Amino acid sequence: SSPGRTGWRMELVNQMIDDDDDFASLFMHVFLRIANNDLPPSVRERLRNCRLLGIDKNAKKVRPIAIGETFYRMAAQMVLDHAKVQIDEHFGDIQLGINKRGGTEHAIHHARHALGPDSIFATMDMSNAFNSPYRKEIKKVLSDPKWAPFWHMYNLAYSEHSDLIY
């Protein structure tokens, strides 16, 4: 995957973890500190900042792509892996986006099946849908102690602004 601002790539970190127990222990400690948001303010800021790329959408528009820091993404994946059972128990079959191989394909097949063979199925790209979640509602849900592992990651990501570095 693409590196964040520091240039570290997941492949390099994974290789270091696989090849050396001392590195594995060191990175596990780093990931746990990130997952618990137990970091100095300067480190939090660096983890929140993203590398910004512009990809041509068409002749007149550019799609902004923000690439988060590798260590933050790896810590977030660790939290998701740890909470897989909790996520599955809470959301059941309605959640197809996290820890579900082929989740998008399953959603499309379920929708086509529900609509029937003579129906038309269309999708639309919402305007800036990725950056329009209801963060206050998310914060409220994550304040429940059962979601504590996610609270720390959410707080790290959204408690202060993030710089986009082009």
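Since the structure is predicted, the reported quantities are computational estimates derived from the model, not experimental observations.
- Take Glu45 and apply the salt bridge (charged side-chain N to carboxylate O under 4.0 Å, His left out) test, not counting sequence neighbours, and it matches no residue.
- Ring geometry, Phe71 versus Trp8: the interplanar angle falls from 30° to 60°, so the pair is classed tilted.
- Applying side-chain contact (heavy atoms from CB on, under 4.5 Å) to Val62 and the options Leu53, Asp56, Ile55 leaves one that passes, Asp56.
- Expressed to the nearest 0.5 Å, how far CZ of Arg48 lies from CD of Glu69 amounts to 13.0 Å.
- In this structure, the side chain of Asp163 does not engage the main chain of Asn49 through any donor-acceptor pair within 3.5 Å.
- If you chain together hydrophobic residues whose side chains sit under 4.5 Å apart, Leu26 and Val43 fall into the same group.
- Each salt bridge (charged side-chain N to carboxylate O under 4.0 Å, His left out) pair with one or both residues in residues 11-23, not counting sequence neighbours, appears once here: Arg9-Glu11.
- Taking every heavy atom of both residues into account, Gly68 and Cys50 meet most closely at CA-SG, 3.9 Å.
- The pair Arg44-Glu160 does not count as a salt bridge, with every side-chain nitrogen at least 4.0 angstrom from each carboxylate oxygen.
- Considering every non-hydrogen atom in both Ser162 and Ala157, the closest pair reads OG-O, 3.9 Å.
- Between the CG atom in Leu52 and the CZ atom in Arg5 there is a gap of 12.0 Å [rounded to 0.5 Å].
- Both Ile17 and Leu80 are part of a single hydrophobic cluster, where members link through side-chain heavy atoms under 4.5 Å apart.
- No continuous path of ILVMFWY side-chain contacts below 4.5 Å connects Ile67 to Leu156, so the two sit in separate hydrophobic clusters.
- Put simply, CD1 on Ile65 and CG on Leu164 are 11.5 Å apart, with the number rounded to the nearest 0.5 Å.
- Here Thr70 contributes atom OG1 and Leu12 contributes atom CG; the two are 9.5 Å apart, rounded to the nearest 0.5 Å.
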* Decide yes or no on side chain to side chain contact (heavy atoms under 4.5 Å, CB included) for Arg33 and Val30, but give the supporting numbers first. => CA-CA 5 Å; Arg33 296 274 307 261; Val30 170; 5.8 Å; no
* Asked: Given Arg46 and Thr6, is the side chain to side chain contact (heavy atoms under 4.5 Å, CB included) satisfied, shown in steps?
  -> CA-CA 9 Å; Arg46 286 179 179 262; Thr6 61; 5.6 Å; no
* side chain to side chain contact (heavy atoms under 4.5 Å, CB included) between Trp151 and Lys139, worked out -> CA-CA 8 Å; Trp151 168 252; Lys139 184 177 181 179; 3.5 Å; yes
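- Considering only heavy atoms from C-beta on, Leu32 comes within 4.5 Å of Met28 through its side chain.
- Taking CD of Gln86 as the reference point, atom CD of Glu89 lies at 8.0 Å (rounded to 0.5 Å).
- Remark: side-chain polar atoms of Asp144 are not paired, donor with acceptor, to backbone N or O of Trp147 under 3.5 angstrom.
- Residue Arg51 comes nearest to Ser2 through the heavy atom pair NH2-CB, 3.9 Å, listed as atom of the first residue, atom of the second, then distance.
- Distance check: Met78 CE to Asp81 CG gives 9.0 Å after rounding to the nearest 0.5 Å.
- Taking the centre of each ring, Phe150 and Tyr154 stay at or above the 6.0 Å mark.
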* Can you check side chain to side chain contact (heavy atoms under 4.5 Å, CB included) on Met74 and Ile34, steps first, answer last? -> CA-CA 9 Å; Met74 292 181 86; Ile34 294 169; over 6 Å; no
